[in-house]
Each structure stands twice: as C-alpha cells, then as structure tokens.
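Here is the structure we will look at, set down as structure tokens.
Here the structure is a predicted model, which is why all the values come from computation and not from measurement. Chain letters run A, B, ... following the sequence lines, proteins first, then strands; residues in each count from 1.
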2 protein chains.
Amino acid sequence: MKGKATSLDIAHLAGVSQPTVSRALRGSPMVNEETRKRILAIAEQLNYKVDKNASNLRRQHSGTLALLFFEDPTPDESAINPFFLSMLGSITRACALRGYDLLISFQQLSNDWQADYEDSKKADGIILLGYGDYLESRGRLEKLVEQGTHFVRWGAVQPDTPGVSIGCDNTQGGHDITAHLVSQGRRRIAFLGHASNHYPEFFERYLGHRQALETAGLSADPALQVDALTTEQSGHDAATELLVRGAPFDAIFAASDLIAVGAMKALLERGLRVPDDVAVAGFDDIPLASFVNPGLSTVQQDTKRAGALLVETLLALINGEPAESQTIPVKLALRGSTAAK
Amino acid sequence: MKGKATSLDIAHLAGVSQPTVSRALRGSPMVNEETRKRILAIAEQLNYKVDKNASNLRRQHSGTLALLFFEDPTPDESAINPFFLSMLGSITRACALRGYDLLISFQQLSNDWQADYEDSKKADGIILLGYGDYLESRGRLEKLVEQGTHFVRWGAVQPDTPGVSIGCDNTQGGHDITAHLVSQGRRRIAFLGHASNHYPEFFERYLGHRQALETAGLSADPALQVDALTTEQSGHDAATELLVRGAPFDAIFAASDLIAVGAMKALLERGLRVPDDVAVAGFDDIPLASFVNPGLSTVQQDTKRAGALLVETLLALINGEPAESQTIPVKLALRGSTAAK
DNA sequence: CTGAAAGCGCTTACAG
DNA sequence: CTGAAAGCGCTTACAG
C-alpha cells in the first residue's frame, strides 16, 4: 500500500463498503458488532487515521478553535505577558478536554487582524486574547459581529462591547486591594496604569480603587495617577514620573503585576524601601509576583476557570446555544510588599 | 446568498467558470488581467475566503505545523516552564513568517502521544518540545521515524537520537559557566540536576561542567552532585539535600534557572548569602533570572534563533530537502549571583 | 444492518 | 487564456 491508508483500503480488506467503514470508525450504533471489530482491527493495523480535511469538508466544521493573541507594546520580542501565557495554557487544556484542536496566532493589535480562520473553515470559532487600546479595536469587533463570526473575547465585561466577553471582576479587585492598603495604614495611594475607556480593564480597576478610597473617606489626588501600559519598562517609567511630580505617597496600586514590578525597581533605585516607605500592590498574580523581594501583593485572576469559561462559551455560541458575557470573581494574594509600616 | 460564498458563486457573478476563479485567486499567471481584477473585486465584496478543507484535501497538504508540547512533572498545573513559553513564542512567529499556521497541543510525556496530526492531515509536520525522561520517550521517536512522520525535536543533539534534533550547545554552556565560577574564585562547585543519559541535555551540561573543573585542576566531588528536575521545588529539595550531606561548597551550578531559583530560596532560608557564601548559576536565562535578588547568572539560549531553526528544518524535511541536526551556540548572562566573594 | 449514490469546495491535468 | 472533467476522502440521506 503506497501512501496513507484510506477508508476505501480498509473496506477492501474487510470486504465491506466504504460507508460501512466510516460508520464503524465513528461508532455508529447501526453496524454489526463483529463487522465493527474487524474493521477496527484492520484500521489499527494500517495505522489509519480519518483524513480531517475530507471529514471537515463534508461535515462543514473543523473541530478546531483559533486563539488570536494580540499584544501591542511588544510586537516582536519574545517576552510575552506572563498572564496571557498562563491563559494560553488553560485554554489549550480546556480545548483538549473537549476534543478540540487549538490554532494559535500572535498578532499585533495595530495591524489588521488575520481573523479569517472561521471564514476559511480552519476553525469553528475564535478566542480573542490581548491587550491594547480598546477603542482602536472596537471597530474590528463590530465587524466580526456583523460577519456572524463566532468569537469570545477576554477583557472588560461591559454592556456596550460588541460580542460576548469573559473577564474578571476588575472593579472588585481594584476595590479590594485598595481597601487592603488602607487597612494597612496607607493613606496616599498612587495608581499606575491608564485610567480611561481606551483601556477598560485598567479603568475598571481604577474605578474600584477610587470607590475604596471614597469609602475610607480619602480623596483621589490626580497627581497620584500616572498612565502606564502593562510592561515593566512602562511601570518603571511611571514610578519615576510619580517621584518627579513630588506629590507624597505611601503606597502604589499598579494596574498589573508587570507595572508593579517595574515600579518596585524604580523605587529601590531611588533608595526607597518596600514596604517600609512605599507599599506596592499589583494585579494578575503572575508567577513573578511571588519571586520578587519582597513578594508582591496582588489580585489573583483565576486563569484556569477563565480558560475553561472562554472555551465553553465559544462552543455554546458555535452550537447556537445562548451564551452571555460573564465576570469571574477575583481574590487577593497578599505578600510582603503591602505589610504595615 | 445564504451561507459563505464559494468559488462557484463568484464564477456566476463574474461570468466565468469556477476553475478560472480558482486560478485568479491564487495568482496564476495564465489569467487575463482584467478577468482577474473583476474576480478579485467580487471575492473581496463577498468576503470570500478559500475553504481550506477543500483546498487541503485536494492539494494533500495542510499549511499547518503542529507543536507537540510535553512536560512531565507538571501534568495539569498552569505553570509551564518559562523557557518553553519563550520557545513557543518564537516558534509561533517563525511559522507566521512562513505562512504556516500552528496547531498546539500540551501533552504528558508519560501518556501516549497524540501525534497523529500528520496522519489525520491536520498538519504537515510536528515540532516536539518538552522535557522528561529521554529513554522513556525514545521508543516513540523511533516509531515516528518508522512511520515516516516529518518532525524535529528540540533537545540534546546526539548522533544516536532518532530523527532530527535542534538544540543548544549544552556542553559549551556548562563548561563556560563553570569556568566563570572558577574565575570568580570558587573551588567547590556543586551541580544540581540529573546527570545521566535519561536527561541528555542536563547530562551534557554536567559533562561541560566537569571538563571545566578538570581544566582548572579541580576534581568533581560526587557528594556535590544532586539529582533535580527542572522545577523550583526540585531545586529547593536538591539544595536542601546538598546542605544535609554536609560536604562543603562555595558555588552551585544548577542545570536550569528554575532549579537555581529554588536552590537560592533554600540557601536563603538557611541563612546563607548569595553570592557571599555561595555563588549560584543557572541555565536558560528565563525572565525570572533577572528579577531574583541577586540577579541570577546563567547561560542564555537563543530562543528566537531556535524557533526559526526548528521551523526551517521541519519545512525542509517536509519538502524532501536535506536537513540535519544542529547545535546553537550559547552565551553567558552574568549577574550578581556569581560575583566574587 | 449494509450498500449505491451524491456531494462538500476546491485544484489540476487535459483540451482547445 | 479559458472551460469541462475528474477527483481529493470522507459523511449522510436514501433504499433496501
């Protein structure tokens, strides 16, 4: 036999028709048990595998999901945001569990998305994972909805966002970690991270932060908010800017762990001690958070649950079942960086 | 028009035959320029995308590579070895650059590999990336070769390994970092990591380590080698074991950064100072290496180059071109953890 | 329980 | 330069 075996080869060997082979292989109940066993044995022996291209073409689905991963500040570097890598792992596992393959594509938010996996029938639906200017990408989300593409997005869950989104409770997280800082005796708490609707996740964290301040009877000083994207460098720059401004502060809540780690570096370089002089908290609970010195207090996102929920929701969408945006609860992971003075 | 547009729909609208549409879309030179333009315009307007299943079925290839990722000590946790994540990123980019899609699958080394992507025509070839007992997996490599599967493997490059491998120069790396430790005045250098042919990469690093010791006129004390897998926990355990043994040492070369970081923790817990009491070096240069305190000296593997080389080699194999195993040079990344006493 | 027939949407000789 | 024909390897009504 030259080349790979086909179902027709098996049919010949088993003395049945090709459709019967197809039925037996997929466990159709209407195949004689003995016939099935014979067919399975031959298939095994020939190392036969169903040709997915043929099968998919006929069945008009692919058994594959696509993960569209976009990140803007790091177009080409190998350093991908660890939080997303953790998500990647959990999404892969969730797919495998449900018998789906996962196609992966890294893209820049600023480019046109190569989101034609579904159109070209390579995937049944798309998971969008990334970080960047929401307002810039919004139009593309609308286009996906318009085209009837099946997709779920990881991000801020807001009523006016096109399509279905899964995200963590950013507001609650921002609130809780700030409340914790207050409970540790901090009063002048800076926020490092973009705080506008361009970056809804950060904005929600910021709003939660402000809520907690208000509850504590503290006011949010505009001088204590500095824009930052989710990279260490950006966090370093933001903390430096904060120091330059000169407004006193005794704590920093960074909108992501990467920002927090960069900020800690900047503080240490200026001779400030964490947490003695400045408490620092982050968001995400990336592995690095427990390794910096002191350990970084942060808001933990449940990536395992998130990955599973993204996949489940997308599959529901694909199957025409109702699917809604959902928010996942967060919890605090407290370490040395926010100890009381 | 209901459902997605097909090439036949376009043919009708353009007043040509369906094969002409197919030719025009793939830029065949034997299509009238005006006809082509008309067809392209219609295709654009209908948001037409070639059905990959049909195309692949006909052309008998998939334009997709599969990345089979296996890791054994962490079957289900979300914490994936950061070094492999870095490789993942570079492989994805290398694929995208060459117009290939990447299918990803996480597996346990101990299970049967679900390596039938090529058999089922979902991928044209497979990249194997992972860490575990080589002797255990060897049989499966042999089977892949036997079946004529196109694959490349990241790992130790050794003549008797089935198939084609790409790996870094582990021996050189182990040699250079040990020579560096010696140059910093260290004389009793421990090695943490498996040092047997079950783990060829570690073994090569160990051999390089011994070479450097010999060159320096130092002998390798068996009491200073402790087995460890590439996790922090394992590194922590190994360092603890080393301390329990009681043989004096003034430096540790860990076979991976994760081991080194775990070992550093164990040392600090016992009140030992790095580098004053014990210098510590690792291997991989994961992002964490520059964040621990003090920064971890290590051997840097060029993951960008590695990813590109893996993809290039696999594509050569797929195209029936000659392809050979290759070794990538390494370089040292020196930080505070190996400063002179 | 099984087979003959049709067809998924392309690509590629083969003719002209 | 273009079209009619065949066929990639399956799955699924339709008959029996």
Side-chain angles (χ1 to χ4, degrees), chain A residues 1-40 42-43 46-64 116-124, chain B residues 1-40 42-43 46-64 116-124:
Chain A
M1 191 145 331
K2 64 192 177 206
K4 310 266 182 191
T6 68
S7 57
L8 199 58
D9 296 327
I10 298 179
H12 286 324
L13 290 169
V16 296
S17 74
Q18 180 271 328
T20 298
V21 173
S22 174
R23 290 188 191 102
L25 256 25
R26 271 169 315 102
S28 160
M30 34 180 213
V31 173
N32 181 289
E33 196 45 40
E34 271 182 44
T35 312
R36 177 206 309 293
K37 278 184 185 156
R38 189 152 34 96
I39 291 172
L40 289 184
I42 296 173
L46 263 51
N47 193 36
Y48 171 79
K49 295 286 169 352
V50 173
D51 183 318
K52 291 286 187 187
N53 292 131
S55 167
N56 293 344
L57 173 59
R58 180 56 233 253
R59 301 175 60 191
Q60 296 293 69
H61 91 329
S62 69
T64 301
D116 53 5
Y117 291 106
E118 186 170 348
D119 297 326
S120 65
K121 308 276 175 64
K122 285 205 81 158
D124 300 330
Chain B
M1 194 148 323
K2 62 189 183 211
K4 311 267 182 192
T6 69
S7 57
L8 199 58
D9 297 325
I10 297 179
H12 287 325
L13 290 169
V16 295
S17 73
Q18 180 271 328
T20 298
V21 172
S22 174
R23 290 188 192 103
L25 257 25
R26 272 170 313 101
S28 160
M30 32 181 214
V31 174
N32 181 289
E33 197 46 38
E34 271 183 44
T35 313
R36 176 205 310 291
K37 278 182 185 157
R38 189 152 34 97
I39 292 172
L40 289 184
I42 297 173
L46 264 51
N47 193 35
Y48 171 80
K49 295 286 170 351
V50 173
D51 183 320
K52 292 286 188 186
N53 291 132
S55 167
N56 293 344
L57 173 59
R58 181 55 234 256
R59 301 176 60 191
Q60 296 292 70
H61 91 328
S62 70
T64 301
D116 53 7
Y117 290 106
E118 187 171 346
D119 296 327
S120 65
K121 306 277 175 64
K122 285 206 83 157
D124 300 330

State whether Gln18(B) places a side-chain N or O below 4.0 Å from either non-bridging phosphate oxygen (OP1 or OP2) of dA4(D).
-> no
Looking only at side-chain N and O atoms, does Thr20(A) come under 4.0 Å of OP1 or OP2 in dT2(C)?
-> no
Under 4.0 Å between a side-chain N/O of Ser55(B) and OP1 or OP2 of dC10(C), yes or no?
-> no
Glu34(B)/Lys37(B) ion pair, N-O < 4.0 Å = no
Quick note, Leu57(B) side chain, CB onward, closest among dG9(C), dT11(D), dT2(C) is dG9(C)
Under 4.5 Å between any side-chain heavy atoms of Asp51(B) and Thr6(B), yes or no?
-> no
N/O donor-acceptor pair, side chain Arg23(A) with base dG3(C), under 3.5 angstrom = yes
Is any side-chain nitrogen or oxygen of Arg59(B) closer than 4.0 Å to OP1 or OP2 of dC10(C)?
-> no
Would you call Tyr48(B) and Leu25(B) a side-chain contact if the rule is heavy atoms closer than 4.5 Å?
-> yes
Integer-rounded Å distance: dG9(C) P and Leu46(B) CG = 14 Å
Candidates dG9(C), dG7(C), dT12(C) - which lies nearest the side chain of Ser22(B) | dT12(C)
Write down the distance between CD (Glu34(B)) and C1' (dC1(D)), rounded to a whole number of angstrom.
-> 13 Å
Out of curiosity, Glu33(B) CD to Arg38(B) CZ, how far, rounded to the nearest 0.5 Å?
-> 12.0 Å
Asn56(B) CG to dG9(D) C1', straight-line distance once rounded to whole Å = 13 Å
How about Val50(B) and Arg26(B): do any of their side-chain heavy atoms sit closer than 4.5 Å?
-> no
Is any side-chain heavy atom of Leu13(A) closer than 4.5 Å to a side-chain heavy atom of Leu46(A)?
-> yes
Separation of Arg58(A) atom CZ from dC10(D) atom C1', in whole Å?
-> 8 Å
Presence of Arg36(A) side-chain N/O under 4.0 Å of dC1(C) phosphate oxygens OP1/OP2 = no
side-chain N/O Tyr48(A) vs dG9(D) OP1/OP2, d < 4.0 Å | no
Any side-chain N or O of Gln60(A) under 4.0 Å from OP1/OP2 of dG9(C)?
-> yes
Residue-phosphate contact under 4.0 Å: Thr35(A) side-chain N/O, dT2(C) OP1/OP2 | yes
Which comes earlier along DNA chain C counting from the 5' end, the contact point of Arg26(B) or that of Gly15(A), where each point is its nearest nucleotide?
-> Gly15(A)
With DNA chain C as reference, determine whether Val31(A) or Pro19(A) sits nearer its 5' end, using the nearest nucleotide of each.
-> Val31(A)
Give the nucleotide from the list dC10(C), dG3(D), dT12(D) with an atom nearest to the side chain of Ser17(B).
-> dG3(D)
Distance, rounded to the nearest Å, where Leu8(A) contributes CG and dT11(D) contributes C1' | 14 Å
Under 4.0 Å between a side-chain N or O of Ser7(B) and OP1 or OP2 of dC10(C)?
-> yes
Step through the shown structure and confirm whether more than 12 heavy atoms of other residues, nucleotides or ligands are within 6.0 Å of NZ on Lys52(A).
-> no
Does any non-hydrogen side-chain atom of Lys121(A) lie less than 4.5 Å from one of Gln60(A)?
-> yes
Separation of dG7(C) atom P from Asp51(B) atom CG, nearest Å, is 17 Å
If pairs are Watson-Crick or G-U with both distances under 3.5 Å, what is the dot-bracket string of DNA chain C, marking crossing pairs with [ ] and pairs to another strand with |?
-> |||.||||||||.|||
How do Ala54(B) and Met30(B) order along DNA chain D: which one's closest nucleotide is nearer the 5' end?
-> Met30(B)
Quick one: closest heavy-atom pair of Asp119(A) and Lys49(B), and the distance?
-> CB-CG, 3.4 Å
Once you round it to whole Å, what is the distance between P of dT12(D) and CG of Leu25(A)?
-> 13 Å
Could you state the atom-to-atom distance from CG of Asp119(A) to P of dG9(C) in whole Å?
-> 14 Å
